[in-house]
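Notes to accompany the following structure.
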Amino acid sequence: MYHVITSVQIVLNCNVLKRLAIFASGSGSNAVKIIDYFADSAEGKVVVVFCNNPKAGIIEKAAERNIPVVIFDRATFRSDSFAEQIAAYEIDWIVLAGFLWLMPVSIIEKFANRIVNIHPALLPDYGGKGMYGMNVHEAVWRDKMTETGITIHYVNDHYDSGDIIFQASCPVLPDDKPQDIQAKVLQLEHKYFATIVEALLRSDKN
Ligand code: GAR
């Protein structure tokens, strides 16, 4: 008795690279770390940078790495079609790396649970409107906190209040100035952000 095999389906375990869009407003040191990290990752790659500040340092740094940059103004950002403009790049995940505007609901809905932000403090402390960059470190310093850190979290339609994915802390010493605190926090951001994003992509089976 013979069984004739007419078709064979081979399921290969081929990992499809997830496509990342980075949103950045400033110097873009985190964005650069992420672009460079994912240049060698089996999980994803950065395909576009969106930037709302025509003078931002990230524009040149992304161009040097052959990553296209889309510069947009507030009206475009708030328009109904902007989520579609992002989706046109076939984006799987959005990474906010020093991006300071509140994400519109249309983008949050389009990329539900696929937008992550990094915040330079241990949320829920030192978050909310106006709490970004040096404002955060100056507040930590004024309050004589002995510890600060970073928070990587999902993005919802309120500032800094989406579910927390990861936190890491560092000490604030009595002699530290806000600039010292900023440097320590940035070091943590550079150490962890890309690897945490990569872990999210790895666990994303869609
Ligand atoms: C980073 O410290 C990031 O955590 C912060 O802006 C800085 C951008 O630095 N983001 C926020 O404050 C968001 N609320 P970079 O441009 O060198 O990456």
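Residue indices begin at 1 and follow the sequence shown. Just follow the structure's listing: the first ligand is 1, and inside any ligand the first atom is 1.
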Side chains of N53 and S25, donor plus acceptor under 3.5 Å
no
Nearest non-hydrogen contact to atom 4 (O) of ligand 1 from the set E189, K61, H119, K33 belongs to E189
Nearest neighbour in protein (non-hydrogen) for atom 17 (O) of ligand 1
S29 OG, 2.6 Å
If hydrogens are left out, which of G98, S27, G28 has an atom nearest to atom 8 (C) of ligand 1, that is, the closest non-hydrogen atom?
G98
Proximal atoms of ligand 1 relative to I118 (non-hydrogen, under 4.0 Å):
4 (O), 10 (N), 13 (C)
The closest protein heavy-atom partner of atom 12 (O) of ligand 1 is G133 N, 3.0 Å
Kindly give the cluster partners of Y159, where membership spreads through any ILVMFWY side chain lying under 4.5 Å from a current member.
L102
Closest to atom 9 (O) of ligand 1 among protein heavy atoms sits N30 ND2, 4.0 Å
Protein heavy-atom partner closest to atom 11 (C) of ligand 1 - residue, atom, separation in Å
P120 CD, 3.6 Å
Atoms of ligand 1 close to M131 [distance to a heavy atom under 4.0 angstrom, numbered from 1]
14 (N)
Parallel, tilted or perpendicular: which describes the rings of F72 and F82, with under 30° parallel and over 60° perpendicular?
tilted
H137 side, atom NE2; D176 side, atom CG - distance, nearest 0.5 Å:
12.0 Å
Would you call the rings of F99 and F23 parallel, tilted or perpendicular, taking 30° and 60° as the class edges?
perpendicular
Backbone N or O of E84 within a donor-acceptor pair of the K110 side chain at under 3.5 Å?
no
